[in-house]
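Each remark here refers to the structure printed beneath this line.
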Amino acid sequence: MKKLIIINGPNLNLLGKREPNIYGSLTFTEFLDEVKAKYKNIFIDYFQSNIEGELIDKLQEVGFSYDGIILNAAAYTHTSVGIGDAVKAIETPVVEVHISNTFNREEFRHQSYISPNARGVVLGFGLQSYELAIQSF
Ligand code: DQA
């Protein structure tokens with residue numbers, strides 16, 4: 001069985017109540033339950049943290065044994081050299097995901113420290129971005 005993990009960064013624990021016009025009204029738990037039910041032949045692990053170092057710890061922990069990482073580093077995408085370096089350091093391929101199309105938003109969201117070392121990037125399809133990333137493995 002393939003082993004994937006979805007890693008979500010800061011403020012993504014608020015999905016469902018946070019700016020629903022941008023991020024939708026479904027909570028991530030509701031979405032994850034649906035996805036797990038749909039992809040029963042894939043082990044889908046989940047981790048969320050608002051803390052940069054915890055995201056790096058998790059990447060290091062899973063990054064030599066899992067088959068794939070689906071990473072939405074949220075705001076840290078645009079600021080974190082540390083998370084970018086961790087993505088580069090590990091062996092498991094990382095697919096970068098964003099719910100919104102970061103390129104039609106503010107300029108500071110156009111920069112990503114993840115993309116140069118990601119296997120691919122999926123963005124702008126709402127929560128479906130995660131599902132497309134799962135399908136890529
Ligand atoms: C986001 C986009 C980021 O710019 C933002 O900081 C987020 C969420 C997205 O999924 O669209 O928190 O990663």
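We count ligands from 1, going down the list as the structure has it; atoms in each ligand are counted the same way. Worth knowing before you read on, the calculation uses all heavy atoms, side chains too, and leaves out hydrogens, waters and symmetry mates.
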I need the Thr77 OG1 to Leu123 CG distance, nearest 0.5 Å. 10.0 Å

Salt-bridge test for Glu131 and Lys38: reply yes if a basic N is under 4.0 Å from a carboxylate O, no otherwise. yes

Would you find more than 12 non-hydrogen atoms of other residues, nucleotides or ligands less than 6.0 Å from Tyr39 atom OH? yes

Short version for Asn72: what comes under 4.0 Å of ligand 1, heavy atoms counted, is side chain

Can you tell which of Leu12, Leu14, Ile99, Asn8 makes a side-chain contact (heavy atoms from CB on, under 4.5 Å) with Phe28? Asn8

Please lay out, stage by stage, how Leu71 and Ile83 fare under the test side chain to side chain contact (heavy atoms under 4.5 Å, CB included). CA-CA 10 Å; Leu71 174 64; Ile83 294 177; 4.2 Å; yes

the protein heavy atom lying closest to atom 3 (C) of ligand 1 turns out to be His78 NE2, 3.4 Å

Return a yes/no value for Arg105: is any of its N or O atoms, backbone included, closer than 3.5 angstrom to an N or O of ligand 1? no

Might you point out which heavy atoms bring Ile5 and Tyr46 nearest each other, and give the distance in Å? CG1-N, 4.0 Å

If you count the atoms of ligand 1 from 1 in the order shown, which ones are under 4.0 Å from a heavy atom of Ala75? 6 (O), 12 (O)

Considering only heavy atoms of Arg109, which atoms of ligand 1 have at least one such atom less than 4.0 Å away? 3 (C), 4 (O), 5 (C), 6 (O)

Glu96 (side chain) donor-acceptor with Val121 (main chain) under 3.5 angstrom: no

With the threshold set at under 4.0 angstrom, would you say Arg18 reaches ligand 1 through any of its heavy atoms? yes

Which residue holds the protein heavy atom closest to atom 1 (C) of ligand 1, what is that atom called, and what is the gap in Å? His98 ND1, 3.7 Å

Has Thr77 got any heavy atom lying under 4.0 angstrom from an atom of ligand 1? no

Could you check atom 8 (C) of ligand 1 against the protein and tell me its nearest heavy-atom contact, residue, atom and distance included? Tyr23 OH, 3.5 Å

Quick one: CG on Leu59 to OH on Tyr66, what's the gap to the nearest 0.5 Å? 12.0 Å

Quick check: does Leu12 get an N/O under 3.5 Å from an N/O on ligand 1? no

Go through the steps to decide whether Ile69 and Leu4 satisfy the test side chain to side chain contact (heavy atoms under 4.5 Å, CB included), and finish with yes or no. CA-CA 6 Å; Ile69 298 171; Leu4 306 182; over 6 Å; no

What protein heavy atom sits nearest atom 11 (O) of ligand 1, and how far away is it? Ser100 OG, 2.6 Å

Shortest protein heavy-atom distance from atom 9 (C) of ligand 1, along with the residue and atom involved: Ile99 N, 3.3 Å

Considering only heavy atoms, does Thr102 approach ligand 1 within less than 4.0 Å through its side chain, its backbone, both, or neither? side chain

